[in-house]
Amino acid sequence: MICSTTELKCSYLTAPGKASQHHVKEFMSKEPLRVGQRRDKHSEQRDKNSAKGEPASGGRLRQAPPLSTSRDSRDKAGGGQAPLPGGARCLVTAASASCTPRIPSGRRLGAEPLSPVRLRPRGPRGAAASSSSSSSGRQQLREAGTGRGSFQRSRRQVLIRDIFRKSKHDWHYTDLFGQPSYCCVCAQHILQGAFCNCCGLRVSEGCLKKADQHFLCKEIMMRSDGRTRSSMPHHWIRGNVPLCSYCVVCKQQCGTQPKLCDYRCVWCQCTVHDDCMLDCLKIEECTFGEFKDLIIPPYYLSTVNQLRKDKRTDYEKIVPYGRKHWIPVIVLANTRSGNNMGEILLGEFKILLNPVQVFDLSKTTPAKALQLCTLLPCNAVRVLVCGGDGTVGWVLDAIDEMKIKGQERFIPQVAILPLGTGNDLSNTLGWGAGYAGEVPVEQILRNVMEADGIKLDRWKVQVTNKGYYNLRKPKVFTMNNYFSIGPDALMALNFHAHREKTPSLFSSRIINKAVYFFYGTKDCLVQECKDLNKKVELELDGERIELPNLEGIIVLNIGYWGGGCRLWEGMGDEPYPLARHDDGLLEVVGVHGSFHCAQIQVKLANPVRLGQAHTVRLILKSSKMPMQVDGEPWAQGPCTVTITHKTHALMLYHSGEQTDDDASSVSEQEHVREQTDEDV
């Protein structure tokens, strides 16, 4: 029988006899000593005997042999004495310093101090203490484990960020892939991990460093080897091919097996089965696929770099593929616009195009991004702006700066992918009222290739403050859409102030419109802009206009206003000339209040049409009123506002889809295209 109580043990053999058997039975029947419990007389007597060097039962004190020895060796070590009944050894807690502790095998005596004895309380008295101490111990273990786990996680995150920063891949981490994915290194199925936004590699967290070292990403510019290239081979990536893709050899669907299989070229996007992959395909020249007219090949940029070293600018002679209709596209995406679709679009465009063509406007300004146009053929570049009307105005301002620098021949044409809240300019040019991912990116690029070029009037808005001692310079704005004073400017001002305080709340187009509705309803009750006709004077081409009782005045350059309402046409029950955005004329209307604006938007009322003009002058005589230019609001005191024509912008018009409102303006768009053809 073996009995162990603590880590510190003392073993001895007792002489045979009833006394020894009695002490063994007594020891086994008793519970260990509790904290604070007094020892009985038998225990005290045993302590005295131990102090005198006498065994508890009258026998001689002997050291027990190791547990690994045989029965014969144990008998021999015991001096021939008979062991306890059944060959039992008793391991008890050391009661005094005279007890010799058992030294574990493999440990040298005196190598290190023994740990002190700690008694664990048991029984009714120590139950509370035991539970509290055990719970506190578990809590300490949990905290220690949590600390170690958080330290390991933070260390792992630091290593991952270090790889992301130094890598040539555009790595991003995701907690859940959108489709069944397999690691490109270990071929295991993964739910989370890292993916490259440029070449499409997907790896697990543990294989990230190895994948970064062994797999090449898309090269934006080929390495110079002293000779001019006009082609390049395929760049194959194995596994994770797009859904519903087909093999270019056997025309059967790829990626149907639940494993890492099949190949995809990162440039032309063609896919091939593992069994269909031939040696000729590995060295075959890549044609860049469907969007070869939009992609800037890496060898083109390397050739341009060589020409710049030779101080030559005849880039037209190195147009790739020997094609005359090459129209490279530059994508400018604002990741902060509207419903935050910009981040997703950046990755999808980098997969289909050369990553050097795709810019994040939160990291690179439009002025810097558009300098790429100077390395491309003249009058051939198209720019796709992913954002709201404010982002489009930002890009058009950068294009005006190119004109000032003498780069007119590199001016691009601008298409719009609407990500903002209002998107009135995008709606006017046929690109829709808002994008939420319902159209594939491939179809967007096709629309850009098929779009027609048109012109857009841009206007100068100059605000001069009143006062005898006014030394401030006039405020100057550039207007693309509209200028207004009154309730709609007040709604925009309140919305802007609210968004500046809590920008995280305004991440959805629906929420933004709901906030607009709230402030519009509030203004219906308060009427902060009433009696506007008594506070302002309006002149159209120098002629004074008598104003009726109004709360707001709106000056339009485009057909749409207020998130999709054709304001100038109204209900369409009266014959008025259609509003155009390239005729050098502004349409001026008045509204009676916020409720009147709501009626116009649902086609229950018409605006107060005040006229059309080439120059608009508005004088604010007293008080402070809200104003806005293209959704940028401010509160303005007494001043004079003068709107004059500034320049034209080259835009792209998409005529693929038309709404009910667009049906009434078909003749207008046909006239615009005819006028553009005559200008060309």
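Numbers for residues simply follow the sequence, beginning at 1.
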Could you pull out all residues at least two apart from D531 that satisfy side chain to side chain contact (heavy atoms under 4.5 Å, CB included)? K534, N549

Who pairs with K368 by side-chain hydrogen bond (donor to acceptor under 3.5 Å, both in side chains), at least two apart in sequence or on another chain? none

ring-ring contact (aromatic ring centres under 6.0 Å, His included) contacts touching residues 605-643 (sequence neighbours left out): F477-W634

Who passes side chain to side chain contact (heavy atoms under 4.5 Å, CB included) against E348, sequence neighbours left out? I344, L345, V441

In chain order, what residues pass the side-chain hydrogen bond (donor to acceptor under 3.5 Å, both in side chains) check against K403, with sequence neighbours excluded? T647

Listed partners of N557 passing side chain to side chain contact (heavy atoms under 4.5 Å, CB included), at least two apart: L456, D457, W459, M479, L586

For Q443, what residues pass the side-chain hydrogen bond (donor to acceptor under 3.5 Å, both in side chains) criterion, not counting sequence neighbours? R446, N447

Those residues that, when tested against W267, pass side-chain hydrogen bond (donor to acceptor under 3.5 Å, both in side chains) (two or more places apart): none

Checking side-chain polar atoms at under 3.5 Å, does Q628 have a donor or acceptor matched by the opposite partner on S484? yes

Any residue meeting side chain to side chain contact (heavy atoms under 4.5 Å, CB included) with L445, in chain and number order, not counting sequence neighbours: F291, L294, F349, L352, L353

Is there a donor in the side chain of E546 and an acceptor in the side chain of N533, or the other way round, less than 3.5 Å apart? no

Show me the pairs that pass salt bridge (Lys or Arg N to Asp or Glu O under 4.0 Å) and involve residues 415-443, at least two apart or across chains. none

Non-neighbouring partners of E539 that pass salt bridge (Lys or Arg N to Asp or Glu O under 4.0 Å), sequence neighbours left out: R617

With sequence neighbours excluded, residues passing salt bridge (Lys or Arg N to Asp or Glu O under 4.0 Å) with K535: none

